[in-house]
Amino acid sequence: MDRKEFWNNCLNYINSKLENISFNIWFKDSELIDLRDNTLIIKVNSEFVKQHITTYYDDLVEEALSNSSPNNYTYEIVTQDEVEQNEPVVIEEKIELPKYKDNNSYLNESYTFENFVIGETNRLAATVGLSVAEQPGKLYNPLFIYGKSGLGKTHLMHAIGNYIRNNSDKTVLYVTSETFISDFTRLYKKDEERVELEEHFKDKYRNVDVLLIDDIQFLGGATKTQDEFFNTFNFLHEGKKQIIISSDRSPDDLKLLEDRLKTRFTWGLTVNITPPDYELRLKIIKNKITGHEVSRLIRPEVLEYIANNCESDVRHLEGAINRLYAVTAMYSPKEINLEFAQDALRDYIGNSLYITNNIAKIQKAVAEYFDLTVDNLKSKKRTANIKNARQIAMYICKMTTEETIERIGLEFNRDHATVIHACNRIDEEYKSSEELREQIKEIKIKIAN
Ligand code: ADP
Ligand code: MG
């Protein structure tokens, strides 16, 4: 195991014991840069972080070290400045492997279903994920989850794994495809240890009831490893063991993967997570700040401001909140208003002044007018009344706001062609239907109030 991986294991352990926010601020950027005698040299970003860790988290770091290796490592924290003053002598020393333990799932306990916020764009993945967690190996096998980076795939996988661990005696293993590759290529490096390593490998991957393999796209290209994964997959699948795979693209788009693997990936069920819409973004932000001391200080329009400006993925959204926390800790403001937030987040989300989301307002008014919910409008449902209301809402968005067609599409979980089609249809009808003109007039009055 190399250093990075070893320290990552320690970090995973630390992460599982801490609130996300604390982990992100104190540990996320730390790096294992050297090993001197039995002392790990950990680099952090500032003196402030160094002091904080040594004062408050000393025990936790010790615990993480002893959990990740049988050696009695100690550690020392250094800052970038100290590193520069005193270039460490790099001693290449082998870090001893932790003994493989049957019960080590490599799961991050802080990712659960409880703190996975569900909205229109991830509902299918979350519900299917939960049903697989309740009935591993029985329903959809494999479960293939795909979506762009930062949308919650890893979180969801850990949530499934944790659920199974907590509610059954099944053994679970979570790995990234990179770990799989490095475990496998190790077999070819050391001839003398080969037999032992091979046993270790088989033990690790075939003795499980549930295998979660994250970011499968990295398997592309590594032919021998693909063969081995193919065998592992078949072995587990035939034994009715649950396999859950994530990827940043659909099985069809995994260009570098062998066809026989791609075919197998679609044997079970494939679900997609798309970027969060405005409502989900707002819900996630509210969820993240609940219980944190800033939640008392923060003005509601700040939440909207963040939700409106971090639209691409959840990781970006979390980054904004963490940033806000950090700046708040530094300046202790009496309240976090829009001005403070904009200042704090300027470098992070640019100078955008996008504050009120008119699309959300229009969706709400249209939904109320037709006795529907906003979720109905954003859903895939195509019943005549929902479809009609959705098209009217899109039309009003286009006619009365400055929003781009793409953004309107995003808020309805549709692509831009669908928005254009809807607007053209309503535009046509508007000319001939007195009733429609009346409806739109009434909705606009509703929006204005
Ligand atoms: P991915 O694996 O798709 O790149 P992650 O699972 O690593 O994304 O998610 C990025 C971050 O966003 C994580 O900290 C995760 O907890 C958080 N996150 C993503 N989706 C949600 C959600 N629906 N509810 C709460 N947190 C989420
Ligand atoms: Mg991930």
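Throughout, numbering of the chain's residues begins at 1 and tracks the sequence. We use all heavy atoms of the structure for the numbers below, so side chains are in, but hydrogens, waters and symmetry mates are not.
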Engineer: What are the two closest heavy atoms between Ala367 and Val374, and how far apart are they?
Structural biologist: CB-N, 3.8 Å
Engineer: Compute the ring centroids of Phe201 and Phe180, then answer whether they are less than 6.0 Å apart.
Structural biologist: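 Ring centres of Phe180 and Phe201 closer than 6.0 Å.
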Engineer: Quick check against the 3.5 Å criterion: does Asn376 have a side-chain atom that pairs as donor or acceptor with the backbone of Thr373?
Structural biologist: yes
Engineer: Measuring only between side-chain heavy atoms, which start at C-beta, is Met394 closer than 4.5 Å to Arg414?
Structural biologist: yes
Engineer: Once you round to the nearest 0.5 Å, how far does CG of Leu187 lie from CD of Glu228?
Structural biologist: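 Here the interatomic distance stands at 7.5 Å.
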Engineer: Are side-chain N/O atoms of Thr112 and Asn115 paired as donor and acceptor at under 3.5 Å?
Structural biologist: yes
Engineer: Kindly say whether Gly119 contributes a backbone atom to a donor-acceptor pair with the side chain of Asn122 at under 3.5 angstrom?
Structural biologist: yes
Engineer: Ring pair (Phe, Tyr, Trp, His ring centres under 6.0 Å) with Tyr146: which residues, sequence neighbours excluded?
Structural biologist: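 Listed in chain order: nothing, the list is empty.
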Engineer: List for me each residue that meets ring pair (Phe, Tyr, Trp, His ring centres under 6.0 Å) alongside Phe233, sequence neighbours excluded, and say none if there are none.
Structural biologist: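 Applying ring pair (Phe, Tyr, Trp, His ring centres under 6.0 Å) to Phe233 gives His237.
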Engineer: Ignoring hydrogens and geometry beyond distance, is a side-chain donor-acceptor pair present between Asn308 and Arg281 at under 3.5 Å?
Structural biologist: no
Engineer: Any side-chain to backbone donor/acceptor pair from Glu76 onto Thr39? Under 3.5 Å, distance only.
Structural biologist: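 Here the side-chain-to-backbone pair does not exist.
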Engineer: Could you verify whether a donor N or O on one side chain and an acceptor N or O on the other, from Thr179 and Thr176, lie under 3.5 Å apart?
Structural biologist: yes
Engineer: Tell me whether Arg260 forms a cation-pi arrangement with Phe230, defined as NZ or CZ under 6.0 Å from the six-membered ring centre and within 45 degrees of its axis.
Structural biologist: yes
Engineer: Hey, could you give me the CG/OG1 distance between Leu410 and Thr274, rounded to the nearest 0.5 Å?
Structural biologist: 8.0 Å
Engineer: Would you say that Val172 contacts Val208 through its side chain, given a criterion of any heavy-atom pair below 4.5 Å between the two side chains?
Structural biologist: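 Val172 does not reach Val208 side chain to side chain.
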Engineer: Can you list the steps and then say if Met157 with Ile244 is a side-chain contact (heavy atoms from CB on, under 4.5 Å)?
Structural biologist: CA-CA 8 Å; Met157 293 183 102; Ile244 300 165; 3.8 Å; yes
Engineer: Using a 3.5 Å distance criterion without hydrogens, assess whether the side chain of Asp215 forms a donor-acceptor pair with backbone atoms of Glu178.
Structural biologist: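 Checking the backbone N and O of Glu178 against the side chain of Asp215, no donor-acceptor pair under 3.5 Å is found.
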Engineer: Side-chain contact, heavy-atom cut-off 4.5 Å: Cys310 with Ile349?
Structural biologist: yes
Engineer: Holding to ring pair (Phe, Tyr, Trp, His ring centres under 6.0 Å), I want the full list of residues that pass it with Phe235, two or more places apart in sequence or in another chain.
Structural biologist: none
Engineer: Tell me if a side-chain donor or acceptor on Ser68 pairs with a main-chain N or O of Ala64 at a distance below 3.5 Å.
Structural biologist: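 Yes, Ser68 side chain to Ala64 backbone: donor-acceptor pair under 3.5 Å.
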Engineer: Taking atom CD of Gln51 and atom OH of Tyr56, what is their separation to the nearest 0.5 Å?
Structural biologist: 10.5 Å
Engineer: With no hydrogens and no angle check, just 3.5 Å: does a side-chain donor-acceptor pair link Asp58 and Tyr75?
Structural biologist: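 Yes, because at least one side-chain N or O of Asp58 sits under 3.5 Å from a partner of the opposite role on Tyr75.
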Engineer: Report yes or no: does Gln363 contribute a side-chain atom to a donor-acceptor pair with the main-chain N or O of Lys378 at less than 3.5 Å?
Structural biologist: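 No; judged by distance alone, with no hydrogens or angles, the pair does not exist.
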Engineer: Is it true that Lys202 and Glu198 have a side-chain N and a carboxylate O under 4.0 angstrom from each other?
Structural biologist: no
Engineer: Counting only heavy atoms from other residues, nucleotides and ligands, does the tally under 6.0 Å from NZ of Lys286 exceed 12?
Structural biologist: no
Engineer: So which atom in His416 and which in Ile405 form the shortest heavy-atom distance, rounded to 0.1 Å?
Structural biologist: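 The pair with the smallest heavy-atom distance is CB-CG2, 3.4 Å.
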Engineer: For the pair Asp313 and Lys148, find out whether any cationic side-chain nitrogen is under 4.0 Å from an anionic carboxylate oxygen.
Structural biologist: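 Salt bridge flag = no for Lys148 with Asp313.
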Engineer: So, Asn162 side chain and His158 main chain: donor-acceptor pair closer than 3.5 Å or not?
Structural biologist: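 Such a contact is found between Asn162 side chain and His158 backbone.
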Engineer: With sequence neighbours left out, what residues match Leu297 under side-chain contact (heavy atoms from CB on, under 4.5 Å)?
Structural biologist: Thr328, Ile336
Engineer: Quick one: do Glu279 and Lys283 satisfy salt bridge (charged side-chain N to carboxylate O under 4.0 Å, His left out)? Show the steps, please.
Structural biologist: CA-CA 6 Å; Glu279 241 135 35; Lys283 224 158 118 185; over 6 Å; no
Engineer: So, are Lys262 and Asp259 salt-bridged, with charged N and O less than 4.0 Å apart?
Structural biologist: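 Counted as a salt bridge, because a side-chain N and a carboxylate O are separated by less than 4.0 Å.
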Engineer: Going by atom types only, do Asn108 and Ser110 share a side-chain donor-acceptor pair under 3.5 Å?
Structural biologist: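 A donor-acceptor contact under 3.5 Å links the two side chains.
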Engineer: For Asn72 versus Asn38, what's the shortest heavy-atom pair and its separation?
Structural biologist: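 Minimum heavy-atom contact is O-ND2, 3.6 Å.
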Engineer: Do Val302 and Leu324 come close enough that some side-chain heavy atom pair is under 4.5 Å?
Structural biologist: yes
Engineer: Assess the residue pair Tyr106 and Asn9 against the criterion (side-chain hydrogen bond (donor to acceptor under 3.5 Å, both in side chains)); give the C-alpha distance rounded to whole Å, side-chain angles, the decisive distance to 0.1 Å, and a yes or no.
Structural biologist: CA-CA 8 Å; Tyr106 298 96; Asn9 285 350; 5.2 Å; no
Engineer: Tell me whether the count of non-hydrogen atoms from other residues, nucleotides or ligands lying under 6.0 Å of CG in Asn166 goes above 12.
Structural biologist: yes
Engineer: Taking the side chain as every heavy atom from C-beta outward, state whether Glu31 and Trp7 have any atom pair closer than 4.5 Å.
Structural biologist: no
Engineer: Please report the interatomic distance CZ(Arg407) to SG(Cys397), rounded to the nearest 0.5 Å.
Structural biologist: 11.0 Å
Engineer: Nearest 0.5 Å, please: how far is CZ in Phe116 from CG in Leu130?
Structural biologist: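 Separation between the atoms: 11.5 Å.
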Engineer: With salt bridge (charged side-chain N to carboxylate O under 4.0 Å, His left out) as the criterion, how do Asp29 and Lys43 come out once you've worked through the C-alpha distance, each side chain's angles and the decisive distance to 0.1 Å?
Structural biologist: CA-CA 9 Å; Asp29 296 323; Lys43 190 189 82 174; over 6 Å; no
Engineer: Taking the side chain from Asn413 and the backbone from Lys380, do they hold a donor-acceptor pair closer than 3.5 Å?
Structural biologist: no
Engineer: Evaluate the side-chain proximity of Asn141 to Lys240: yes if any heavy-atom separation is below 4.5 Å, no if none is.
Structural biologist: no
Engineer: Could you check, using the six-membered ring where one of them is a Trp, whether Phe144 and Phe265 have ring centers closer than 6.0 angstrom?
Structural biologist: yes
Engineer: Looking just at side-chain N and O atoms, do Asp183 and Tyr205 make a donor-acceptor pair shorter than 3.5 Å?
Structural biologist: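 A donor-acceptor contact under 3.5 Å links the two side chains.
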Engineer: Looking only at atom types and distance, does a side-chain atom of Asp203 sit under 3.5 Å from a main-chain N or O of Arg206, one as donor and one as acceptor?
Structural biologist: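 Between the backbone of Arg206 and the side chain of Asp203 there is no qualifying donor-acceptor contact (under 3.5 Å).
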Engineer: Looking at CD1 of Ile273 and NE2 of His155, how far apart are the two atoms once the value is rounded to the nearest 0.5 Å?
Structural biologist: 10.5 Å
Engineer: Is the shortest heavy-atom distance from the side chain of Glu311 to the side chain of His316 under 4.5 Å?
Structural biologist: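 Not in contact.
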Engineer: Could you walk me through whether Thr290 and Asn287 pass side-chain hydrogen bond (donor to acceptor under 3.5 Å, both in side chains), step by step?
Structural biologist: CA-CA 5 Å; Thr290 303; Asn287 191 272; 5.6 Å; no
Engineer: Under the side-chain hydrogen bond (donor to acceptor under 3.5 Å, both in side chains) rule, collect the residues that match up with Ser246, sequence neighbours excluded.
Structural biologist: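 Residues passing side-chain hydrogen bond (donor to acceptor under 3.5 Å, both in side chains) with Ser246: Asp214.
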Engineer: Taking all atoms of both residues into account, what is the closest heavy-atom pair of Val366 and Ala389, and its distance?
Structural biologist: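 Between these two residues, the closest heavy atoms are CG1-O, 3.5 Å.
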Engineer: side-chain hydrogen bond (donor to acceptor under 3.5 Å, both in side chains) with Tyr13: which residues, sequence neighbours excluded?
Structural biologist: Glu63
Engineer: Between Ala126 and Ile118, what is the shortest heavy-atom contact and its length?
Structural biologist: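 For Ala126 and Ile118, the tightest heavy-atom pair comes out as CB-CD1, 3.7 Å.
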Engineer: For Gly319 and Tyr348, work out which heavy atoms get closest and say how close.
Structural biologist: CA-OH, 3.1 Å
Engineer: Show your reasoning for whether side-chain contact (heavy atoms from CB on, under 4.5 Å) applies to Leu11 and Ser30.
Structural biologist: CA-CA 9 Å; Leu11 286 179; Ser30 63; 3.7 Å; yes
Engineer: Do side-chain atoms of Ser105 reach the backbone of Leu107 as a donor and acceptor pair under 3.5 angstrom?
Structural biologist: no
